[in-house]
Novice: 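Here it is: the structure, laid out below.
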There are 2 protein chains.
Amino acid sequence: MKEDTRQPSRGPQLSEQVAQRLSDAIQAGEWGRGARLPTEAELGERFGISRSVVREAISMLRNGGLVTSRRGSGSFVAEAPTVSLRLAIPDPGLQSVVEVLELRRPLEVEAARLAAERHTPSQLRRIRNAMVDIDEAVEAGLSGVDQDLAFHRAIAEAANNTHFTAVLDFYNRFLHQAIRVTRTNESLRETFMQQVVAEHQAMLDAIAAGDADAAARAAAIHLEHAEMRLRQAPTDLLKSMLEQEEAQAGSPSASTEQTGDDSR
Amino acid sequence: MKEDTRQPSRGPQLSEQVAQRLSDAIQAGEWGRGARLPTEAELGERFGISRSVVREAISMLRNGGLVTSRRGSGSFVAEAPTVSLRLAIPDPGLQSVVEVLELRRPLEVEAARLAAERHTPSQLRRIRNAMVDIDEAVEAGLSGVDQDLAFHRAIAEAANNTHFTAVLDFYNRFLHQAIRVTRTNESLRETFMQQVVAEHQAMLDAIAAGDADAAARAAAIHLEHAEMRLRQAPTDLLKSMLEQEEAQAGSPSASTEQTGDDSR
DNA sequence: ATTTACCATCTTGTCTGACAAATTCAGTCG
DNA sequence: CGACTGAATTTGTCAGACAAGATGGTAAAT
């Protein structure tokens, strides 16, 4: 074909230029939704570049949600284009954690209210299981942070509104450290865990009973207390934990396991 | 050397797993902001993979705004690292708009509460100006949708918590269409606008007075009524308008720009 | 001694070739 | 006609090499 023999202009990023041109071509409708675009080899020849660059370019588009690739089959224009919310990762510190909590509180409260009204039996079961998992993890001497987050996520799911799970999931990663701090504070751990369990139980009961207002109240109390517990943890502990995490970062404990214990 | 000889578990996408692990490590603080991360060769050896996969993984992170690479120098954790939440553009329809509103209501209520407590004089002024702008726009025969959204955004800004503005900005685009629908409904427009103005005024007064609870109540009422107004609009009108907008919206990869107009 | 020019070295970007894994499709056999 | 087989196709991964740009140290010059 040789429809474009121009040397890609001496720019900063070759693969980026190619990605841009491919993106333009797709958005211009050269290949419709779900259509298969040329093979990597073919694109490489068309643009006069190696397959590596084509792959990098396609990788960018794939990351942008514009195309999907299936090994052995090809790369395709995405069926459902996506938009992305991009925002800066906050500084690790008490203030920024509090800001995240400020956002989460109204969301979780509303999620609990909706969950009380809309939860399906299986969703309620998952919430219950999550609570049990927390107990078991704590019993086993673990921090139970992942299980705690899973509990809250199960409630968000029971709200049956994808936006809640999406936003809360998004902010979960920032809370991971914060919750660990409160759990690791030895002197307070015992008392705190009792409070947490009681508050979780209250939320679960209200949701199970279908009492929306009570669920909202219980969630509000829990989130408020969570912030108090965090504030009560000495800030130097927070700081030292962050440094500690940095030091032990290479060890095998870091991988994040999805708690996929449920049968969907 | 050879600190991680585990075979990457048989997963669908190898490079994706590596990207996830790198992303986790960065967010766990293994490498601080602006720090140089190991060379591609070194990472390849550490994870037991080839440089190609490392490059693909880093490419993903770079595309996600988590790292930047400089040829000859290395790859670095971004100074202002960002994580991106991607979600599919919802089907145009009343149900999905209602879901967005469900998420926004608690957020806007809390934003109004915080704004009442924290607003600076200049922020209050911006809210006032936005209200005037709505009047002027409507007076001029325009829909005033942009001005309406600006009003709400000004309140979110006055909450002085970047996460509120980020999330609300993100969902604004989905609301743009919905508000237009209610405003375009000729038969109801007059009545609706009077209501909207009154409700806005109540919010502004409460915020200006520093009455957090009153601000929250006013916001809750406004959002509730907004949903009612939307439901009252004929659904066929909504549908046709949404489809029309979607047809002419040809920028799927457009990510939400960082709102850098804030002085922090 | 300080500054400047140079150069070895390192790191990412790109190229080339190969194989593995998964899919597709045509042909064959029941 | 339908199910299976196997070759061809295509993306994913691997390996090695060179090019382009950056870094830091050393020697030369003032």
Side-chain angles (χ1 to χ4, degrees), chain A residues 1-2 4-23 26 31 34-79, chain B residues 1-2 4-22 26 31 34-79 81:
Chain A
M1 297 279 279
K2 289 183 83 67
D4 193 340
T5 41
R6 285 178 305 173
Q7 282 295 341
S9 69
R10 278 288 137 262
Q13 327 273 93
L14 180 52
S15 55
E16 202 167 322
Q17 299 173 28
V18 176
Q20 185 60 50
R21 290 174 64 174
L22 280 176
S23 171
I26 289 175
W31 305 289
R36 212 191 90 179
L37 39 89
T39 70
E40 294 171 351
E42 198 172 338
L43 285 173
E45 184 166 357
R46 180 183 300 191
F47 288 110
I49 57 180
S50 75
R51 207 184 134 205
S52 319
V53 179
V54 175
R55 284 190 58 76
E56 287 244 6
I58 288 183
S59 170
M60 294 180 194
L61 302 187
R62 191 170 38 226
N63 260 320
L66 210 63
V67 310
T68 61
S69 299
R70 288 201 300 276
R71 158 190 257 171
S73 180
S75 292
F76 303 80
V77 178
E79 294 282 357
Chain B
M1 45 172 59
K2 290 184 86 69
D4 193 341
T5 42
R6 285 178 305 172
Q7 281 296 340
S9 67
R10 279 285 138 264
Q13 320 275 95
L14 180 52
S15 55
E16 204 168 320
Q17 298 174 28
V18 175
Q20 186 59 51
R21 289 175 66 174
L22 282 178
I26 289 176
W31 304 288
R36 212 190 91 182
L37 40 89
T39 69
E40 294 172 352
E42 198 172 336
L43 285 174
E45 185 167 355
R46 181 182 301 192
F47 288 110
I49 56 179
S50 75
R51 208 184 134 206
S52 315
V53 179
V54 175
R55 283 191 60 76
E56 286 243 7
I58 289 183
S59 169
M60 295 181 192
L61 302 188
R62 190 171 38 227
N63 209 286
L66 209 65
V67 309
T68 60
S69 299
R70 288 201 299 277
R71 158 190 258 172
S73 180
S75 291
F76 303 79
V77 178
E79 286 294 344

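Below, read A as the first sequence line, B as the second, and so on, with proteins coming before strands; counting in each chain starts at 1.
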Novice: Nearest nucleotide by nearest heavy atom, which residue falls closer to the 5' end of DNA chain C, A/E56 or A/F76?
Specialist: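 Mapping each residue to its closest nucleotide by heavy atoms, the 5'-most match is A/E56.
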Novice: Using OP1 and OP2 only, check whether a side-chain N or O of A/R51 sits under 4.0 Å from C/dT16.
Specialist: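 So the side-chain polar atoms of A/R51 never come under 4.0 Å of the phosphate oxygens OP1 or OP2 of C/dT16.
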Novice: Let me know the distance between CZ of A/R71 and C1' of D/dC14, rounded to the nearest Å.
Specialist: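 From A/R71 CZ to D/dC14 C1': 12 Å.
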Novice: Grab the CD1-P distance between A/I49 and C/dG13 for me, whole Å please.
Specialist: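 Result: 15 Å.
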Novice: Compare side-chain N and O positions of B/S73 against OP1 and OP2 of D/dA22 and report whether any pair is under 4.0 Å apart.
Specialist: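 So the side chain of B/S73 is outside the cut-off, no N or O lying under 4.0 Å from OP1 or OP2 of D/dA22.
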Novice: Given C/dT12, C/dC15, D/dT11, which nucleotide is nearest the side-chain atoms of B/T39?
Specialist: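 From the listed options, C/dT12 comes nearest.
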Novice: Quick check for you: among D/dA15, D/dT23, D/dT11, whose closest atom lies nearest to any side-chain atom of A/E40?
Specialist: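 Taking heavy atoms from C-beta onward, the closest nucleotide is D/dT11.
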Novice: Take atom CG of B/L43 and atom P of C/dT11, then tell me their distance rounded to the nearest Å.
Specialist: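 The distance from CG of B/L43 to P of C/dT11 comes to 11 Å, rounded to the nearest Å.
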Novice: With side chains defined as the heavy atoms from C-beta onward, is the minimum distance between B/L66 and B/V77 less than 4.5 Å?
Specialist: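 No - every pair of side-chain heavy atoms lies 4.5 Å or more apart.
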Novice: From CD of A/E42 over to P of D/dT10, roughly how many Å is that when rounded to an integer?
Specialist: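 Going from CD in A/E42 over to P in D/dT10 covers 8 Å.
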Novice: Considering non-hydrogen atoms only, spot the tightest contact between A/L22 and A/A57 and give its length.
Specialist: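 Reported closest heavy-atom pair: CD1-CB, 4.4 Å.
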Novice: Side chain of B/S50, heavy atoms from C-beta onward: which of D/dA15, C/dC15, C/dT12 has the nearest atom to it?
Specialist: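 In terms of side-chain proximity for B/S50, the closest of D/dA15, C/dC15, C/dT12 is D/dA15.
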Novice: Please state how far atom CZ in B/R36 lies from atom P in D/dG24, giving the value in whole angstrom units.
Specialist: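 From B/R36 CZ to D/dG24 P: 9 Å.
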Novice: A/E45 CD to C/dC15 P: how many Å, rounded?
Specialist: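 A/E45 atom CD is separated from C/dC15 atom P by 14 Å.
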Novice: Of the candidate nucleotides D/dT13, C/dT23, D/dG12, which contains the atom at the shortest distance from the side chain of A/R62?
Specialist: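 Out of D/dT13, C/dT23, D/dG12, the nucleotide with an atom closest to A/R62's side chain is D/dG12.
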Novice: As a test of reading the structure: which of C/dT12, D/dT11, D/dT13 is closest to the side chain of A/S75, going by heavy atoms?
Specialist: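 Given the options C/dT12, D/dT11, D/dT13, the side chain of A/S75 is closest to D/dT11.
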Novice: Would you kindly check if the NZ (Lys) or CZ (Arg) of B/R21 is within the cone defined by 45 degrees around the ring axis of B/F47 and under 6.0 Å from the six-membered ring centre?
Specialist: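 The answer is no; the distance or angle limit is not met.
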Novice: Just checking B/S69: base, sugar-phosphate only, or nothing, at a heavy-atom cut-off of under 4.0 Å?
Specialist: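 Result for B/S69 = sugar-phosphate.
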Novice: CD of A/E40 to CZ of A/R55: how many Å apart, nearest 0.5 Å?
Specialist: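 So the CD of A/E40 and the CZ of A/R55 are separated by 4.5 Å.
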Novice: Tell me the interatomic distance from A/R55, atom CZ, to D/dC14, atom C1', rounded to whole angstroms.
Specialist: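 A/R55 atom CZ is separated from D/dC14 atom C1' by 12 Å.
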Novice: Can you tell me how far the CD atom of A/E42 sits from the CZ atom of A/R51, to the nearest 0.5 Å?
Specialist: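 Interatomic distance, A/E42 CD to A/R51 CZ, rounded to 0.5 Å: 13.5 Å.
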